Every structure is written in C-alpha cells, then in structure tokens.
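What follows is a single structure, written as structure tokens, with notes after it.
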Amino acid sequence: MHIYMLSLFPKMFEGPFNESIVKRAVDRGLVQIDIYNIRDYAQDKHKVVDDYPYGGGAGMVMKPEPLFDAVEAVKKNIASQVNKEGSLSGGEAQDSTSVILLTPQGRLFQQKMAGELAQKPNLILVCGHYEGVDERVREHLVTDEISIGDYVLTGGELAAMVVVDAVVRLLPGALGSSASAEDGSHVMGLLQYPQYTRPPSFRGWEVPATLLSGNHDAIARWRRKQSILRTLKRRPDLLMQAPLTDEERQFVEEEKGAV
Ligand code: 6GU
C-alpha cells in the first residue's frame, strides 16, 4: 500500500511514523508513506496557501489551487508507478484512488472504514487547516471526508495519523505473529474483557480465579460475559449492534434490570 499525506505541517508526522508498528510496517515494505508539503504547490512567490473568506467572517480559508496541484502531482506519481508495474492503465489507477479530506465535518471514522481503506493500493490524505477549505476542493477534488470524532482539532494532521495507524495495523504482516488485528476492541462489536498478567496477587489484589484455572471453556465464557458487561456499562450504543446470542440478550436484559 502507498499512502500520500498532504499537509502544511509535514514535520508533525516525523515522530509517530518513525516508531513502533507503523515504522515496522514501513521497514517491512508493507506500506510506503510519502509526505507532501502543500506549501510547495503555492503559486506565488510568498507561498500563500490561504485567503479571506468571501462574504466575510472570522478565519482564513485554504485556497483551491495549491490543493488541486498537490493532489494532481501525487496522482501523476501513482500513474507513472502503475505504468511501470503494468497492471491497470495509469488513468484507471488515478480514477480509483481515494482522496480523503480530514475535517470535523466528515463522516465519523470507525473500524469498518479502517478495514475498507486497508484494501486500497493507494490513499491520498489531505489535512485541512484554518477555518476550512474552499468548497470546490470538496466538490471536485476529494472523494471522501473523514472526521475522527466530535471535537475540534487545530488541523487534520493528528486525525490523519490516527487513520494511518488504524489502517496500517490491519495490513497482513504488520502485527507480530502473537498479536491479531481481529482480537481487540470493536472488531467483535464489544469492548475488550479485562486482561491480567503476573503476578497473581499484587498489593493484595487478586487475578480472578477463573483465569488461573486452566479451564479454557470457563475462561472463554468469563471473558465473553465481562465483554458484554463492560460494553453495557460504558457503550450501550455498541451493544445494540453487537452480534449476541438469544441467551446473551436475555442476560443483558437481566443486567439492565439490576442496574
Ligand atoms: Cl479530521 N480535523 C479537525 N481539524 N478536527 C477534527 C477532526 C479532523 N476530527 C475530529 N476533529
């Protein structure tokens, strides 16, 4: 997979992409991440990338020309790469490439979307800034708009890093052999059960006896029950959607009554 990041603050990506799982995935050749500075595509000698909003009001708006030029430069690179590899025609690859704007007005980013993005050969992530971007960017350049939650960040960079992290860990081979991308929270629609490691007694707090029992059926039942209880308490919205058996639904109704 090839990910292209377009940003006014390219240095922000240096730390997160040079550590841990993302770095390992890059080192293993599972993903290539290229950072483009939008300011390099400004058209005047002062490298202006923003301007006052028509109609007045507070804040600045990102100008369309540098964003269009930067995305088109990336698409040319994708096309020349594809021509070398010879699978699709360059034009086809360009047309099918997702161009995603990170903005608080976007669709809410969720695990399902991470899974869909992880299937794509190329992703272009455009980090919005200032009070917004010229509407023509939304209408004629990007294919998707993503938000990572209901709060306002100073720019799309941190959100783009969240998206990249969530996508890269799903690439086959990105996690070590002992870890599984399928195992964590949310994939099953339930929150993860409580985890413990040694020692069995710490400051007088004991690991639940079931986990020490060696009875794998009992352990699986205990974990499933804990996941359901934790999801009911913290994220009842998730529980509505979760794939529960009739017996588990019954259990949820009893617990609800008990609360
Ligand atoms: Cl994608 N951008 C900004 N600026 N703020 C956000 C966001 C994105 N997602 C949540 N808040």
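This one's a predicted model, so the numbers in the text were calculated from it and none came from an experiment. In each ligand, atom 1 is the first atom listed, and ligand 1 is the first ligand listed.
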Candidates Val26, Val22, Val164 - the one meeting side chain to side chain contact (heavy atoms under 4.5 Å, CB included) with Val31
Val26
From Asp246, Leu244, Val252, residue fulfilling side chain to side chain contact (heavy atoms under 4.5 Å, CB included) relative to Glu248
Leu244
Got a sec, which residues hit side chain to side chain contact (heavy atoms under 4.5 Å, CB included) with Asp51, two or more places apart in sequence or on another chain?
Lys63
For the rings on His129 and Phe9, is their centre-to-centre separation under 6.0 Å?
yes
Using the six-membered ring wherever Trp is involved, compare the ring planes of His2 and Tyr4 and label them parallel, tilted or perpendicular (cut-offs 30° and 60°).
parallel
Is Phe17 reachable from Met12 through a run of hydrophobic residues whose side-chain heavy atoms are each under 4.5 Å from the next?
yes
Considering only N or O atoms, set out every pair between ligand 1 and the protein closer than 3.5 Å, with distances to one decimal place.
unit_1: ligand 1; atom_1: 4 (N); unit_2: Leu153; atom_2: O; d: 3.1
unit_1: ligand 1; atom_1: 5 (N); unit_2: Leu153; atom_2: N; d: 3.0
unit_1: ligand 1; atom_1: 9 (N); unit_2: Ser147; atom_2: OG; d: 3.3
unit_1: ligand 1; atom_1: 9 (N); unit_2: Ile148; atom_2: N; d: 3.0
unit_1: ligand 1; atom_1: 11 (N); unit_2: Tyr151; atom_2: O; d: 2.5

